[in-house]
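As structure tokens, the structure follows; a few thoughts come after it.
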Amino acid sequence: DAKTTQPNSMESNEEEPVHLPCNHSTISGTDYIHWYRQLPSQGPEYVIHGLTSNVNNRMASLAIAEDRKSSTLILHRATLRDAAVYYCILRGGNAGGTSYGKLTFGQGTILTVHP
Amino acid sequence: DGGITQSPKYLFRKEGQNVTLSCEQNLNHDAMYWYRQDPGQGLRLIYYSQIVNDFQKGDIAEGYSVSREKKESFPLTVTSAQKNPTAFYLCASKRSELNTEAFFGQGTRLTVV
């Protein structure tokens with residue numbers, strides 16, 4: 001499985017932008033980049049995903065490097081409710097392959113937001 | 001409302017007993033997943049199922065068993081063979097397509113005493 005690497009933790013101040021990096025140097029051409037976040041004592045929730053182009057939604061933006069070996073989740077104005085663990089995962093594989101359908105999470109980045 | 005439900009939220013069992021955790025979804029999703037999370041750690045995949053009557057081992061399947069007799073249900077049994085069963089267990093479901101999101105339940109916190 002292609003692996004992702006994220007910093008263990010990051011800090012931000014409220015109302016400032018946050019850029020959460022993710023490296024995935026072994027990404028394959030069919031891998032989608034997904035981001036989830038997990039609030040304390042809850043299940044993860046979907047944030048955003050992309051393949052090649054940058055993506056925006058109401059929660060965040062996803063910037064994908066041209067070579068696709070890295071990506072950045074951007075929270076435009078952090079709030080206290082954005083304090084969570086953020087996971088960057090790859091979703092891919094060939095249909096019928098042994099890892100197709102597998103959904104693997106890493107350690108994620110713990111984001112702390114200061115008032 | 002559509003969603004994925006795990007029950008119970010908290011579960012206590014004595015050491016040596018098997019225990020089954022429930023996961024039900026009414027989202028018509030083909031794929032379902034079970035994860036384990038220990039304090040301060042990420043999610044580790046136990047088992048996953050892409051379709052009814054079929055499932056695959058994840059990264060830490062030893063000491064666990066699952067069944068997928070119905071599309072809506074994917075129960076996880078923590079057997080007495082699992083050395084450290086106390087953990088937070090999360091179930092998820094999603095459509096099969098690669099570019100679709102997974103939906104998670106609220107989790108079951110299992111404590112074995």
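Being a predicted model, the structure only gives us computed values, none of them experimental. So that the names make sense, note that chain A is the first sequence line, chain B the second, and so on, each numbered from 1.
- With a 4.5 Å cut-off on non-hydrogen atoms, B:Arg44 does not touch chain A at all.
- Follow the hydrophobic side-chain contacts under 4.5 Å out from B:Phe74 and you reach B:Val78 in the same cluster.
- Note that CD of B:Glu101 and CZ of A:Arg91 are 12.5 Å apart. Values are rounded to the nearest 0.5 Å.
- There is a path of hydrophobic side-chain contacts, each under 4.5 Å, that joins A:Ile33 to A:Leu75.
- Under a cut-off of 6.0 angstrom, the local environment of CZ in A:Arg68 is crowded, with over 12 non-hydrogen atoms contributed by other residues, nucleotides or ligands.
- In this structure, chain A has a heavy atom under 4.5 Å from the side chain of B:Gln37, while its backbone stays farther away.
- Remark: A:Asn8 CG is loosely packed, at most 12 non-hydrogen atoms of other residues, nucleotides or ligands lying under 6.0 Å away.
- Pairing each heavy atom of B:Gly42 with each of A:Gln107, the nearest pair is N-OE1, 3.2 Å.
- Of the listed residues A:Gly108, A:Pro44, A:Gly50, the one with more heavy-atom pairs under 4.5 angstrom with chain B than any other is A:Pro44.
- The heavy-atom pair separating B:Leu45 from A:Lys102 by the smallest distance is CD2-CG, 3.6 Å.
- A:Tyr36 and B:Thr100 get closest at one heavy-atom pair: OH-O, 4.5 Å.
- Of the inter-residue distances, the one linking B:Phe104 atom CZ with A:Tyr46 atom OH reads 13.5 Å to the nearest 0.5 angstrom.
- No chain of hydrophobic side-chain contacts below 4.5 Å, direct or via other Ile, Leu, Val, Met, Phe, Trp or Tyr residues, connects B:Leu90 to B:Ile60.
- B:Tyr64 and B:Tyr33 fall into different hydrophobic clusters, where Ile, Leu, Val, Met, Phe, Trp and Tyr side chains are chained together by heavy-atom contacts under 4.5 Å.
- Interface residue B:Ala102: backbone and side-chain heavy atoms are both found under 4.5 Å from chain A.
- When all heavy atoms are compared, the tightest approach of B:Gln41 to A:Tyr87 is O-OH, 4.2 Å.
- Counting non-hydrogen atoms of neighbouring residues, nucleotides and ligands closer than 6.0 angstrom, the CD1 atom of B:Ile51 reaches no more than 12 such neighbours.
- Applying the 6.0 Å contact sphere to CD1 of A:Ile110 captures no more than 12 heavy atoms from other residues, nucleotides or ligands.
- Looking at A:Phe105, both its backbone and its side chain come within 4.5 Å of chain B, counting heavy atoms on both sides.
- Only the side chain of B:Tyr35 comes within less than 4.5 Å of a heavy atom in chain A; its backbone stays farther off.
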